[in-house]
Amino acid sequence: MSVRVRFAPSPTGYLHVGGLRTALYNFLFAKKHNGKLILRIEDTDRTRYVPNSVENLIKTLAWAGIEFDEGPHIGGPYAPYVQSERLEIYRKHAEMLVEKGWAYYAFDTAEELEQARQKSPHHEFKYDRHSMKNQFTFGNEKTRELISQGIPYVIRLKVPESQEIRFFDIIRGEIIVNSKDVDDQVLLKSDGYPTYHLANVVDDHLMNITHIIRGEEWLPSVPKHILLYNAFGWEVPKLAHLPLLLNKDKTKLSKRQGDVAVEDYIEKGYFRDAFVNFIALLGWNPSKDREIYSIEELIDKFELEKVNRAGAIFDVVKLDAINAKYLYSKPVSELAKEFRFWVERRGYLGLSDDYLQKVVALLRERVKKLPDIMDFAPYMFEKPVQYDLEFLKKHWNETTYENMKDILTILKQIEEFTSEKIHDTIVNYLNTKNLKLRNIIHSLRVAITGLSYGAGMFETMEVLGKEEVVERLENFLNNVVPKIQIEI
RNA sequence: GGCGCAUUCGUCUAGUGGUUAGGACACGGCCCUCUCAAGGCCGCGGCAGGGGUUCGAAUCCCCUAUGCGCUACCA
């Protein structure tokens, strides 16, 4: 049978980076085996539904390069792909289970259950079908009567008293759980919606899913699912439970401790391929001495069997390093195109492609992310508004002003304003004064950029252009120096 | 509390009975140098602990510890 896998998120807002990794592994696995990737929306909790999150999810996944073969946005042979549109299917299956004796009606209210839970000291409450309000304690006749009267009810799974449930996980191997530790899970809620467990099992079967690849937090509920598959007489799909993505303190990755929404990282300017590359390597690694992989290579090398079992901490520092590697190796023309988006968003309009290319080429090795260039070197976009006086003080002496004035004069005479020409011109001048480059270059840098750091000074001047450089120097000498004279 | 899963440098990981336990990021030093980077070289640093099995264990088994997850009419 050909591979069919699914990504089944809840529409509760944004796409979590853990969700992206789950989606990515499903995607890689599907592509690797020429299978299909299905998007299924698990919106069975009406209280947590957030409008527009499905559109958002799809958009964000598309940003990462993950496209689906079937889903609510494109349809498919197993539609609908939104669980809230499949309510009758779940009800029918839940009732089928009751008929077969695998499930039963129960009438306990949420408050009653809550109270019962309060009584047990440490979360040790387990639903007792022999003492609470349900089909067994009430009898079939009364149960029918209550239902016909419209009394709210749920349908619960009748879990065997003591039975060994064993299953095989591709990543973790064989796992054995005794059914005495499994609760009589609610399958159909009193509002008519199914719980995750019922909907998931029914849909995975009806949609012919061959492999369930999902987060480790689902591992403890697999026994319930096995019981359901058995009750229906269905084959259990292959299982693979992925290790969790963790915060620095090793708890499950969550808000509060940093950004968890993929959108946050898009917003910060990480490259999609770098981000996907990073995420893919959290919990899986195809080799021992490489970490930069294109999506095609990831697909080619992906193996569920090689996925790690232990959780992985999401470390932004490492992400930055990988993003920087992409930044240093992508073609400048491509980067400039993308850079324009960020630049214009900050309100720097009307810059030429040529200029942006030069700026990127000059500064990309000094930052981690494309838009960081604007923070690192604002002077490439606007005239300096502040000057690093602390730094200037260290390099300024009684002759600096006159030297700089002379340099301004000779710079004006350069016809081809290239970094080599600028360099030679200034060095020649300094030689006549018996000075070294280091005696003037730092002050010059502050005068032109306002900062103590940046790309090579001559290259920077070339990119800024003669007119701009002259203007800045004149302004510095005529207007800035008099004002700051006392301080330096 | 119960059940489950996990445990190799600070972090991501390679490793599947015989390796000086490898790489990357981070960190430190040196080189390069007009600053800041990038790059090159060097260094720091790890098999949670204890028992077995074995000629030999990071690798297999058991125990302990620790961490995490689940324990909802949430997913």
Side-chain angles (χ1 to χ4, degrees), chain A residues 8-12 42-45 47-48 106 108-110 113-114 117 120-127 152-156 169 171-172 175-178 180-183 185-197 199-200 214-223 241 243-244 246 248-252 278 281-292 306 308-322 324-325 328 363-367 376-377 388 391 395 423 426 436-442 444-446 449 451-458 460:
Chain A
S10 295
T12 54
E42 311 222 325
D43 58 343
T44 56
D45 184 357
T47 63
R48 295 211 305 165
D108 319 87
T109 63
L113 290 166
E114 186 49 38
R117 268 187 207 100
S120 58
H122 301 287
H123 278 293
E124 54 209 3
F125 172 83
K126 192 168 165 253
Y127 188 83
Y153 65 89
V154 301
I155 292 179
R156 281 182 184 270
D169 185 280
I171 295 168
R172 286 148 215 286
I175 295 170
I176 303 167
V177 178
N178 194 298
K180 71 174 160 47
D181 297 315
V182 179
D183 207 3
Q185 183 62 232
V186 169
L187 301 175
L188 195 72
K189 303 186 242 179
S190 58
D191 63 0
Y193 279 66
T195 57
Y196 171 86
H197 309 283
N200 199 262
R214 78 232 302 180
E216 187 188 342
E217 68 269 27
W218 293 109
L219 201 53
S221 49
V222 172
H241 288 87
L244 259 20
L246 273 22
K248 277 237 186 313
D249 66 359
K250 296 196 180 237
T251 52
K252 194 171 159 185
F278 169 70
L281 263 34
L282 245 32
W284 169 69
N285 204 300
S287 75
K288 60 175 183 176
D289 50 13
R290 194 147 78 98
E291 61 178 10
I292 301 298
K306 289 200 71 182
N308 294 148
R309 290 175 298 275
I313 292 173
F314 182 99
D315 184 2
V316 183
V317 176
K318 182 80 177 187
L319 204 212
D320 280 344
I322 288 181
K325 285 226 166 79
Y328 308 158
L363 290 152
R364 62 169 166 176
E365 282 177 355
R366 290 165 169 83
V367 297
F376 181 80
D388 188 337
F391 182 74
H395 300 280
H423 171 270
I426 291 179
K436 295 289 184 191
L437 207 46
R438 65 169 174 274
N439 295 314
I440 192 72
I441 193 111
H442 300 109
L444 208 51
R445 177 180 293 283
V446 174
T449 70
L451 299 173
S452 63
Y453 55 86
M457 209 46 232
F458 305 114
T460 300

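Below, chains carry the letters A, B, ... as their sequence lines are ordered, and counting in each starts from 1.
- Across all strands shown, K325(A) has heavy atoms under 4.0 Å from sugar-phosphate atoms exclusively, and none from any base.
- Comparing atom distances between the R309(A) side chain and each of U13(B), C25(B), U7(B) picks out U7(B) as nearest.
- Residue contacts for A110(A): at a heavy-atom cut-off of 4.0 Å it reaches a base atom on one of the strands shown.
- Ring centroids of F376(A) and Y453(A) are separated by less than 6.0 Å, placing the two rings close together.
- Between the base of C34(B) and the side chain of R438(A) there is no donor-acceptor pair shorter than 3.5 Å.
- At a cut-off of 3.5 angstrom, counting only N and O atoms as typed in the model, there is a donor on one side and an acceptor on the other between the side-chain of K318(A) and the base of A24(B).
- Between the side chain of D169(A) and the backbone N or O of H241(A), at least one donor-acceptor pair lies under 3.5 Å.
- For the pair F314(A) and Y153(A), nearest-nucleotide mapping onto RNA chain B gives the more 5' position to F314(A).
- Where E216(A) and T195(A) meet RNA chain B, the nucleotide closest to each residue was compared, and E216(A) sits on the side nearer the 5' end.
- Judged by distance alone, with hydrogens and angles left aside, R445(A) brings a side-chain donor or acceptor within reach of the base of C34(B), the pair sitting under 3.5 Å.
- Among the atoms of the strands shown, base atoms are found under 4.0 Å from some heavy atom of G456(A).
- In this structure, F314(A) and F278(A) have perpendicular ring planes: the angle between them is above 60°, well past the 30° mark.
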